[in-house]
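Written out below as C-alpha cells is the structure these notes cover.
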Amino acid sequence: MIEIKEVKEEDVLSIKENHVLSCFTDYLYHKHASDLIQEELANIAAELSSGSTSTGIIRVSKDKGSCTPWENELLAREHELIQEQDKHEEAMEVVHGWLAKIRNPDHKNIIMEYLINNRCENAEAAAKRCNTTPSNVCNVSKRIVRNTARRLK
C-alpha cells in the first residue's frame, strides 16, 4: 500500500497555487462538458414533451398522471445529468468568483486569455491579444495565482 506523505507547512502555498492554476486551466473543460449536458437535457425535454416515448411495438397503456417506463428512464437520466452539470457549473463559478476579484481589467484579460483560453501555453500569442509583453503575461499570471491561493482556506 502506498502511503500519502504528510503535508508540510512550507508546501501548503505551492499546493494551493497548483489547485488555483488547475481550476483556471480546467475551465474550458467544465464549460464544454456543461454545454454537452445542456444539449442532452434539451433533447430529453423535447422527447418528454413530444409524447412519443414508446420505443417498442407494444404501447404501454398510460394512466393519467403516471409515467411509462421509458419516461421514468428519461427522468432518471435527466436527474443524473443535472447533478453532473451542477458540478461543472460549480467549478466554473469558483473561477468566476476569482475573476470578479481582479480589479485591473488588463490583468483580467491576461488571466482569461493566457490561463483559461490558452491553458498556460503560448504566452506570446496571449501577449499580442492583450497588448503587452510575454514576460508581463507570465508575471501577472503568477502573481494572481499566488494571491488567489493565499486567500484560500
Checking the side chain of E71 only, and the main-chain atoms of T68 only, is there a donor and an acceptor separated by less than 3.5 Å?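 Between the backbone of T68 and the side chain of E71 there is a qualifying donor-acceptor contact (under 3.5 Å).
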Answer yes or no: is there a donor N or O on one side and an acceptor on the other, between the side chain of N118 and the main chain of C120, under 3.5 Å?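 Not at all, since once roles are kept as given, no pair shorter than 3.5 Å links the two residues.
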Just so I know, are the side chains of N104 and I110 near enough to count as touching, which here means a heavy-atom distance under 4.5 Å?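 Of all side-chain heavy-atom pairs linking I110 with N104, none is under 4.5 Å.
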Could you tell me if the side chain of E47 sits less than 4.5 Å from the side chain of W70, heavy atoms only?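 Contact flag for W70/E47 side chains = yes.
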From [X] [atom1] over to [Y] [atom2], what is the distance, rounded to the nearest 0.5 angstrom?
X    : Y    : atom1 : atom2 : answer
Y114 : T25  : OH    : OG1   : 11.0 Å
L75  : E80  : CG    : CD    : 11.5 Å
E39  : S34  : CD    : OG    : 10.5 Å
S22  : R119 : OG    : CZ    : 10.0 Å

Name all residues meeting the ring-ring contact (aromatic ring centres under 6.0 Å, His included) criterion together with H88; count only those two or more places apart in sequence or in a different chain, and write none if there are none.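 Scan of H88 (ring-ring contact (aromatic ring centres under 6.0 Å, His included), adjacent residues dropped) gives Y29, H30.
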Hydrophobic clustering (ILVMFWY, side-chain heavy atoms < 4.5 Å, transitive) - are L21 and L13 grouped together?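 Looking at the clustering, L21 is in a separate group from L13.
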Only distances under 3.5 Å count here; give the side-chain donor-acceptor pairs of residues 131-141 to other protein atoms, sequence neighbours excluded, each with its distance to 0.1 Å.
from : atom 1 : to   : atom 2 : distance (Å)
T132 : OG1    : N136 : ND2    : 2.7
T133 : OG1    : S135 : OG     : 3.3
T133 : OG1    : N136 : N      : 3.1
N139 : ND2    : S135 : O      : 3.2
S141 : OG     : V137 : O      : 2.8

Salt bridge (Lys or Arg N to Asp or Glu O under 4.0 Å) partners for D86, two or more places apart: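 D86 satisfies salt bridge (Lys or Arg N to Asp or Glu O under 4.0 Å) with no other residue.
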Considering residues at least two apart in sequence or located in another chain, which fulfil the side-chain hydrogen bond (donor to acceptor under 3.5 Å, both in side chains) criterion with Q38?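 Per chain and number, Q38 pairs via side-chain hydrogen bond (donor to acceptor under 3.5 Å, both in side chains) with Q85.
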Residue list, side-chain hydrogen bond (donor to acceptor under 3.5 Å, both in side chains) with K31, at least two apart or on another chain: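 side-chain hydrogen bond (donor to acceptor under 3.5 Å, both in side chains) check on K31 returns D35.
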Under 3.5 Å, side-chain donor or acceptor atoms of residues 146-153 against the rest of the protein: list the pairs with distances, not counting sequence neighbours.
from : atom 1 : to   : atom 2 : distance (Å)
R146 : NE     : E17  : OE2    : 2.9
N147 : ND2    : R143 : O      : 3.4
T148 : OG1    : I144 : O      : 2.7

Counterpart residues, side chain to side chain contact (heavy atoms under 4.5 Å, CB included), relative to [X] (two or more places apart):
X    : answer
N117 : L28, E113
N122 : E124, A125
K8   : E10, D11
L81  : I37, E40, L41, I44, R77

Tell me which donor-acceptor pairs under 3.5 Å the side chains of residues 94-102 have, and how far apart each pair is, sequence neighbours excluded?
from : atom 1 : to  : atom 2 : distance (Å)
H96  : NE2    : Y27 : OH     : 2.7

For M92, is the CE atom crowded, meaning more than 12 foreign heavy atoms sit under 6.0 Å from it?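 Atom CE in M92 is crowded, with more than 12 foreign heavy atoms closer than 6.0 Å.
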M1: hydrophobic cluster co-members (side-chain, 4.5 Å):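 Hydrophobic cluster check, M1: no partners found.
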